[in-house]
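A short worksheet on the structure shown next.
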Amino acid sequence: AITLSSALTAYLRLGFVMEASDLFDGMTENERDGVSWTAMISGYVQNGLYGQALKLFVKMLGSSVRPDSFTLSSVVSACAGLACVEIGKAIHAQAMAIGFQSDLLVSSALLNMYAKCGEVGDSWVLFELMRVRNVVSWNAMITGFAQNGRDMDAIVLYEKMLQSHIKPDDITFVGVLSACGHERLLDEGLRYFHSISELHGMAPSPDHYACIINLLGHFGKLEQAMELIMSMPNKPN
RNA sequence: UGGGAUGAGGCAC
């Protein structure tokens, strides 16, 4: 079963979804354990086949294998991909009923799902209710605000994140810099951009550069934008 | 190393 799951995952990582689903369909009931069900479901999600993921989840519910937090977070992610808050809410209720009310993975996925569905207020309620938060939960909330035009809330939350001594990562800065971009906050954007290396000891990613180049462009500072592109340590994409 | 949750800008539509 482990060998089959490994092959399944390999196919899905390479984007060979058909090959993976053929393999999965050919597996016996015994070979299909929780890991292979979840690998197949999350593989569909990662390849953008959200409806397929949900269909397979329903099939899983009819099997003898129970979903765990890995499975549920992937299924919630499928709802986010579909921006379908109705199914998302149903799965939310189900997850609460079977004991995942304070699960970090499921909560982060739900928070993201509500934000993607435009219900960022619900995301915030969930975020505040979470007993344990990690960088993913903070990122999901920050980018959720930014994606819903609540850019100042995103920036304020980032500052709270620092005060909470949670170490930001690449994704955090994408959220913060894009919020600055929406609000045309050039000075703040530059400040956060420089803080990536100077305060946090990280190398800015091409995405971080893109955010700042975009901001400079909106201010007509094309020479400065060009200079920044030329100064990029990696090849600009 | 058998499976997970969070990602920007732009162009076109």
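Chain identifiers are assigned alphabetically (A, B, ...) following the order of the sequence lines, protein sequences preceding nucleic acid strands; residue numbering begins at 1 within each chain.
Taking CD1 of I213(A) as the start and CE of M232(A) as the end, the distance is 5.5 Å to the nearest 0.5 Å.
Considering only the side chain of A109(A), A5(B) comes nearest among U6(B), G3(B), A5(B). Nearest nucleotide to the side chain of A140(A), out of G7(B), A8(B), U6(B): U6(B). Closest approach to the F70(A) side chain among A8(B), U6(B), G3(B) is made by G3(B) (side chain taken as heavy atoms from C-beta onward). Closest contact between the side chain of T38(A) and the listed nucleotides A5(B), G3(B), G7(B) involves G3(B). Of the candidates G2(B), G3(B), G7(B), G2(B) carries the atom nearest the I2(A) side chain, counting heavy atoms from C-beta on. Closest to the S77(A) side chain, of the nucleotides A5(B), G3(B), G7(B), is A5(B). For N214(A), whose side chain is taken as the heavy atoms from C-beta onward, the closest listed nucleotide among G3(B), A8(B), G10(B) is G10(B).
Side-chain atoms of N139(A) stay outside donor-acceptor range of the base of G7(B), with no qualifying N/O pair under 3.5 Å.
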- Task: Mind running side-chain contact (heavy atoms from CB on, under 4.5 Å) on L215(A) and K221(A) for me, showing each step along the way?
- Result: CA-CA 9 Å; L215(A) 250 174; K221(A) 306 201 173 198; over 6 Å; no
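Within 4.0 Å of S69(A), counting heavy atoms only, lies at least one base atom of the nucleic acid. Contact annotation for T71(A): base contact, defined as any heavy-atom pair under 4.0 Å involving a base atom. Counting any heavy atom pair closer than 4.0 Å across all strands shown, N134(A) reaches a base atom. Counting any heavy atom pair closer than 4.0 Å across all strands shown, T172(A) reaches no nucleic acid atom. S108(A) comes within 4.0 angstrom of a nucleotide base, judged by non-hydrogen atoms across all strands. Among the atoms of the strands shown, none is found under 4.0 Å from any heavy atom of R133(A). Using a 4.0 Å heavy-atom distance criterion, Q46(A) is classed as a sugar-phosphate-only contact. Counting non-hydrogen atoms under 4.0 angstrom, G175(A) reaches nothing in the nucleic acid.
Contact check, S137(A) against A5(B): no side-chain N or O comes under 4.0 Å of OP1 or OP2. Listed pair H218(A) / G9(B) fails the phosphate criterion, with no side-chain N or O lying under 4.0 Å from OP1 or OP2. Close to A5(B), at under 4.0 Å from its OP1 or OP2, lies no side-chain N or O of N112(A). The phosphate of G7(B) (OP1 or OP2) has a side-chain N or O of K116(A) nearer than 4.0 angstrom.
U6(B) atom P lies 14 Å from atom CG of L72(A), rounded to whole Å. L8(A) has its CG atom 11 Å from the P atom of G3(B), to the nearest Å. Here the P atom of nucleotide G3(B) and the CG atom of D33(A) are 11 Å apart, to the nearest Å. Look at CG on D207(A): it is 13 Å from P on G10(B), rounded to the nearest Å. Protein atom CG of D169(A) is 13 Å distant from nucleotide atom C1' of A8(B), rounded to whole Å. Note: CZ (R184(A)) to C1' (A8(B)) measures 14 Å, nearest angstrom. Atom pair F127(A):CZ and A5(B):C1' shows a separation of 14 Å (rounding to whole Å applied). Atom CG of D151(A) and atom P of A8(B) are 12 Å apart (whole Å).
Taking the centre of each ring, Y114(A) and W124(A) stay at or above the 6.0 Å mark. Taking the six-membered ring where the residue is Trp, the centroids of W138(A) and F127(A) are separated by under 6.0 Å. Aromatic rings from F173(A) and F193(A) are positioned such that their centres are separated by 6.0 Å or more.
Among residues two or more places apart in sequence or in another chain, the salt bridge (charged side-chain N to carboxylate O under 4.0 Å, His left out) test is passed with D122(A) by none. Among residues two or more places apart in sequence or in another chain, the salt bridge (charged side-chain N to carboxylate O under 4.0 Å, His left out) test is passed with R32(A) by none.
Hydrophobic clustering (side-chain heavy atoms under 4.5 Å, transitive across Ile, Leu, Val, Met, Phe, Trp, Tyr) groups L177(A) together with M152(A).
Contacts between residues 82-95 of chain A and RNA chain B, defined by a heavy-atom separation below 4.0 Å, involve no residue at all.
The number of heavy-atom neighbours closer than 6.0 Å to CG of N30(A), taken from other residues, nucleotides and ligands shown, is 12 or below.
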